[in-house]
Asker: 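My structure is below; once you've seen it, I'll send some questions.
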2 protein chains.
Amino acid sequence: MSTVKGARARARTEITAAIKDEARGQLAKEGAAKLSLRAVARELGMVSSALYRYFPSRDDLLTALIIDAYDSLGAAAESAHETVAGAEPLARWTAVCEAVRGWALAHPHEYALIYGSPVPGYTAPLTTVPAAARVGLLLIGIVRDAHEHGGLTEPPLPAELLGEAERMAADFAPGLPPEAVAALVAAWAQLYGLVGFELFGQFNRMVEDREPFFRHAVVRLAHGVGLRPVPPEEQA
Amino acid sequence: MSTVKGARARARTEITAAIKDEARGQLAKEGAAKLSLRAVARELGMVSSALYRYFPSRDDLLTALIIDAYDSLGAAAESAHETVAGAEPLARWTAVCEAVRGWALAHPHEYALIYGSPVPGYTAPLTTVPAAARVGLLLIGIVRDAHEHGGLTEPPLPAELLGEAERMAADFAPGLPPEAVAALVAAWAQLYGLVGFELFGQFNRMVEDREPFFRHAVVRLAHGVGLRPVPPEEQA
DNA sequence: GTCTATAACGAGATAGAC
DNA sequence: GTCTATCTCGTTATAGAC
């Protein structure tokens with residue numbers, strides 16, 4: 001992130017960006033399974049061996065694209081969240097969810113890359129985890145705020161799930177009641193079900209007016225997590 | 001579906017099945033994007049042009065695999081539903097949802113084919129629609145039964161969605177209140193979000209005890225649609 | 001009629017020598 | 001970094017076996 005750098009470093013970041021841009025273009029045309037270093041090089045007027053100075057393998061290029069996609073989605077969600085920073089949790093929840101949907105509709109192939117079918121023969125390394133967690137952390141923060149300010153009604157949880165929910169809370173959502181964590185993880189998966197169905201064409205000839213449909217669904221998702229509209233005077 | 005057929009017809013169905021089986025194997029190894037008629041033929045000891053007697057094109061083979069997958073999923077869901085045919089709607093709902101998850105875990109590549117990222121350059125023809133609708137029709141039937149026997153509490157619906165919900169009800173769920181139809185379509189998408197997240201690895205290092213987690217989530221999905229446990233004496 | 005095999009096309013990927 | 005020879009692919013035309 002240094003702003004001052006030599007010409008060599010600048011050229012390197014520029015070429016790296018050009019490679020990733022071209023690779024994203026191939027993602028759209030052929031899909032992640034057919035992403036080929038050679039085709040990227042040809043399109044850039046380079047030779048395939050030159051690409052290996054920037055990405056040691058096709059899988060590393062894929063990993064970089066995945067991290068970029070998660071980061072782009074995370075940044076879109078965070079910026080949408082900031083525009084409603086002072087609002088009540090339910091409004092912040094829907095703002096984040098709508099940002100996720102908006103980003104997905106604007107970047108369908110990158111969405112497919114991170115939330116669609118796995119790429120055969122590729123397994124994502126752990127380096128993708130921090131970028132992948134950004135949206136989740138945002139949602140956790142919203143629910144935590146609601147919890148701390150009395151705007152959270154804990155959803156029911158069967159006894160057989162209590163231990164698992166407590167473990168999840170300790171792992172990545174400390175301070176939240178386990179009931180809310182279990183509900184939040186489920187809501188998170190369900191949010192992506194809604195987005196994926198729209199994006200992958202499952203709503204074709206079924207749901208026409210998708211934006212209000214989605215908005216209503218995510219409000220009900222929030223209710224399932226325990227978020228309720230709270231009058232301002234009740235907030236601390 | 002004729003049980004009596006000549007040797008010619010029998011050979012034809014056998015070879016058709018062998019082609020599809022081999023193609024499913026390639027689906028698992030290389031993904032749908034790389035499904036190749038030539039590779040299928042090679043593996044079967046045939047020559048590629050001979051396959052055109054059975055499938056007019058590669059896309060038609062893909063379509064056949066997609067329809068088979070939808071039908072296999074639909075049959076699994078229907079058979080699970082039949083084993084609890086007399087039970088209350090909520091129990092039938094969870095039985096169908098668990099059958100969907102079970103089928104998906106047993107057939108991950110076929111699940112990815114029908115509910116994962118679209119195959120680049122391929123668009124499913126309308127012939128896939130009837131098979132694709134089977135699980136949805138099952139869920140509609142369950143909700144309709146609940147509605148007719150007083151076991152359905154209509155979920156809330158904002159005014160802006162009422163027209164859309166009425167259109168959806170008229171299109172594919174006549175007799176159901178529009179509130180329930182809108183909630184059902186959302187729940188359907190959310191169900192596949194839960195299944196897809198587990199299948200595609202998004203729950204790795206997050207949710208360990210997945211079966212009870214899923215069971216609880218689909219019960220809450222059913223509540224969202226308006227299904228509640230009803231005491232037996234209240235059922236007609 | 002029904003099927004399989006041969007051969008070929010145009011397009012694209014790939015490996016290796018230079 | 002360049003070039004070429006050799007692969008793969010989907011698809012079609014054609015000829016012959018059952």
Side-chain angles (χ1 to χ4, degrees), chain A residues 8 11-12 14-16 18-62 65 109 113 117 119-122, chain B residues 1-68 109 113 117-125 127-128:
Chain A
R8 183 171 334 148
R12 186 175 175 84
E14 268 170 29
I15 295 180
T16 304
I19 292 170
K20 292 198 285 194
D21 280 347
E22 177 56 36
R24 270 184 281 267
Q26 295 209 6
L27 228 53
K29 263 178 290 198
E30 303 282 358
K34 285 192 180 166
L35 177 66
S36 119
L37 279 186
R38 239 188 156 91
V40 170
R42 187 180 337 111
E43 218 64 31
L44 289 174
M46 307 172 74
V47 106
S48 65
S49 56
L51 280 200
Y52 286 85
R53 297 187 59 82
Y54 299 89
F55 296 96
S57 76
R58 186 203 85 127
D59 281 7
D60 287 283
L61 175 54
L62 249 187
L65 295 179
H109 303 101
L113 179 66
S117 332
V119 182
Y122 171 85
Chain B
M1 284 299 170
S2 64
T3 50
V4 178
K5 48 189 169 189
R8 188 167 28 233
R10 197 160 52 246
R12 187 177 174 84
T13 49
E14 266 171 31
I15 294 179
T16 304
I19 293 170
K20 292 198 286 192
D21 279 348
E22 177 56 38
R24 269 184 282 266
Q26 293 207 8
L27 227 54
K29 261 177 290 200
E30 302 280 358
K34 286 193 180 166
L35 209 211
S36 134
L37 275 190
R38 281 191 118 110
V40 170
R42 196 180 323 117
E43 218 63 31
L44 289 174
M46 306 172 75
V47 91
S48 70
S49 58
L51 285 201
Y52 285 81
R53 279 289 141 176
Y54 301 88
F55 297 96
S57 76
R58 190 203 86 124
D59 282 6
D60 287 282
L61 174 55
L62 248 187
T63 300
L65 295 178
I66 289 172
I67 292 177
D68 277 8
H109 303 100
L113 178 66
S117 332
V119 183
Y122 171 85
T123 45
T127 41
T128 60

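Note that these values count all heavy atoms, side chains included, but never hydrogens, waters or copies made by symmetry. The sequence lines fix the lettering, A, B, ..., with proteins before strands; numbering per chain opens at 1.
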Asker: For C:dA5, does either OP1 or OP2 sit under 4.0 Å from a side-chain N or O belonging to B:S49?
Answerer: no

Asker: Expressed as a whole number of angstroms, how long is the span from B:L61:CG to D:dC9:P?
Answerer: 14 Å

Asker: Tell me whether B:S117 contacts the main-chain N or O of A:S117 through its side chain, where contact means a donor paired with an acceptor under 3.5 Å.
Answerer: yes

Asker: Quickly work out the B:D60 CG to D:dT11 C1' distance and round it to whole Å.
Answerer: 13 Å

Asker: Judged by each residue's nearest nucleotide on DNA chain D, which is more toward the 5′ side, B:A39 or A:G45?
Answerer: A:G45

Asker: Could you measure the distance from the CG atom of A:L65 to the NZ atom of A:K20? Nearest 0.5 Å is fine.
Answerer: 7.5 Å

Asker: When the distance from NZ of A:K29 to P of C:dG12 is rounded to whole Å, what number comes out?
Answerer: 11 Å

Asker: Starting from P on C:dG12, measure out to NZ on B:K34 and report it in whole angstrom.
Answerer: 17 Å

Asker: Starting at CG of B:D59 and ending at P of D:dC9, how long is that distance when rounded to a whole Å?
Answerer: 16 Å

Asker: Could you check how far OH of B:Y122 sits from P of D:dG10, rounded to whole Å?
Answerer: 15 Å

Asker: Can you tell me if B:Y52 touches the phosphate of D:dT12, counting only side-chain N or O atoms and a distance under 4.0 Å to OP1 or OP2?
Answerer: no

Asker: Counting the atoms with a prime plus P, OP1 and OP2 as sugar-phosphate, which does B:L35 contact under 4.0 Å by heavy atoms, base, sugar-phosphate, or nothing?
Answerer: sugar-phosphate

Asker: Do A:L113 and A:L62 come within less than 4.5 Å of each other through their side chains, counting heavy atoms only?
Answerer: yes

Asker: With a 4.5 Å cut-off on side-chain heavy atoms, are A:R58 and A:L61 touching?
Answerer: no

Asker: Identify whether any heavy atom of B:R58 sits under 4.0 Å from a base atom; if not, whether one sits that close to sugar-phosphate; answer base, sugar-phosphate or nothing.
Answerer: sugar-phosphate

Asker: Report the distance from atom CZ of B:F55 to atom P of C:dT4, rounded to the nearest whole Å.
Answerer: 13 Å

Asker: Expressed in angstrom and rounded to an integer, what is the separation of B:L37 atom CG from D:dT11 atom C1'?
Answerer: 9 Å

Asker: Within the structure shown, what part of the strands sits under 4.0 Å from B:R8 by heavy-atom distance: base, sugar-phosphate, or nothing?
Answerer: sugar-phosphate

Asker: Base, sugar-phosphate or nothing for A:R38? Non-hydrogen atoms, less than 4.0 Å.
Answerer: base

Asker: In Å, rounded to the nearest 0.5 Å, how long is the span from OG1 of A:T16 to CZ of A:F55?
Answerer: 5.5 Å

Asker: Give B:Y54 one of three labels, base, sugar-phosphate or nothing, depending on what nucleic acid heavy atoms sit under 4.0 Å from its own.
Answerer: sugar-phosphate

Asker: Do any side-chain nitrogens or oxygens of A:R42 fall under 4.0 Å of OP1 or OP2 in C:dA13?
Answerer: yes

Asker: Once you apply a heavy-atom cut-off of 4.0 Å, does B:I15 come out as touching a base, just sugar-phosphate, or nothing?
Answerer: sugar-phosphate

Asker: Using a heavy-atom cut-off of 4.0 Å across all strands, would you classify A:A50 as base, sugar-phosphate, or nothing?
Answerer: sugar-phosphate

Asker: Determine whether the side chains of B:D60 and B:T63 contain a donor N or O and an acceptor N or O closer than 3.5 Å.
Answerer: no

Asker: Between A:I15 and A:M46, is any pair of side-chain heavy atoms under 4.5 Å apart?
Answerer: yes

Asker: Could you run through DNA chain C and flag its stems, i.e. three or more consecutive Watson-Crick or G-U pairs with both distances under 3.5 Å?
Answerer: C:1-11 with D:8-18, C:13-18 with D:1-6

